[in-house]
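Input: a single structure, listed below in structure tokens.
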Amino acid sequence: MKKITFAAIFVGIQLCFICIHIDKQTKLVKLSYQKQKYEQTLKTVQLKKQQLTATLHSLKNNQSIKKYAETELGMTPLFLKNIKKISRAESKSE
């Protein structure tokens with residue numbers, strides 16, 4: 001009788017260890033998948049950041065600003081000799 005109970009307890013404990021090991025492996029695979037997913041998202045975000053940084057630097061470039069102003073907005077360069085000064089007396093009377 002004692003041998004049967006000892007064997008039953010031993011087999012029961014071994015089955016519990018197997019179930020715990022399977023559960024641990026399942027959680028490990030699930031976390032590994034999440035890690036891969038987050039790493040892929042991180043790479044995508046870093047690539048987007050690099051693209052936006054490059055776009056920002058190109059938009060800050062004075063030559064591209066000048067080209068945009070001349071072509072899209074129809075602006076022309078203004079020289080100091082073309083600027084006329086309005087005196088204060090004239091501006092108050094108007």
Side-chain angles (χ1 to χ4, degrees):
M1 191 65 143
K2 289 183 180 182
K3 289 184 179 181
I4 295 173
T5 58
F6 176 74
I9 291 173
F10 182 76
V11 170
I13 290 173
Q14 292 300 320
L15 287 175
C16 287
F17 282 145
I18 291 171
C19 290
I20 290 171
H21 184 70
I22 290 172
D23 185 53
K24 182 183 89 168
Q25 289 297 325
T26 304
K27 288 181 181 179
L28 185 66
V29 169
K30 184 179 177 182
L31 290 174
S32 175
Y33 175 73
Q34 267 186 336
K35 180 185 174 195
Q36 289 175 358
K37 189 176 170 183
Y38 290 145
E39 286 175 348
Q40 187 178 17
T41 305
L42 180 64
K43 286 180 183 178
T44 305
V45 169
Q46 287 176 341
L47 181 64
K48 183 72 172 175
K49 179 185 172 188
Q50 288 176 351
Q51 290 173 347
L52 290 174
T53 304
T55 304
L56 177 66
H57 287 298
S58 68
L59 290 175
K60 283 185 173 181
N61 185 2
N62 288 337
Q63 292 297 332
S64 66
I65 294 171
K66 181 180 177 182
K67 183 179 177 183
Y68 178 80
E70 289 177 350
T71 58
E72 299 292 324
L73 303 176
M75 296 180 158
T76 56
L78 182 64
F79 300 104
L80 289 177
K81 65 181 181 179
N82 297 340
I83 299 175
K84 296 181 181 179
K85 183 177 179 182
I86 300 175
S87 65
R88 291 183 183 222
E90 290 179 21
S91 62
K92 287 184 182 178
S93 64
E94 294 178 6

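Treat the numbers as computed from the prediction; the structure is a model and nothing was measured. Heads up: numbering here begins at 1 and tracks the sequence.
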If you round to the nearest 0.5 Å, how far is CD1 of Ile20 from CG of Asp23? 8.0 Å
Could you list the donor-acceptor pairs under 3.5 angstrom formed between side-chain atoms of residues 65-76 and any protein atom two or more places apart in sequence or on another chain?
residue : atom : partner : partner atom : Å
Thr71   : OG1  : Lys67   : O            : 2.7

According to side-chain contact (heavy atoms from CB on, under 4.5 Å), who are the partners of Ile18, at least two apart in sequence or on a separate chain? Ile22
Side chains of residues 28-49: which donor-acceptor partners sit under 3.5 Å, not counting sequence neighbours?
residue : atom : partner : partner atom : Å
Thr41   : OG1  : Lys37   : O            : 2.9
Thr44   : OG1  : Gln40   : O            : 2.9

Nearest heavy-atom pair of Ser58 and Ser64: which atoms, and what distance? O-OG, 2.7 Å
Let me confirm one number: the CD-CG distance from Gln51 to Leu56, rounded to the nearest 0.5 Å. 13.5 Å
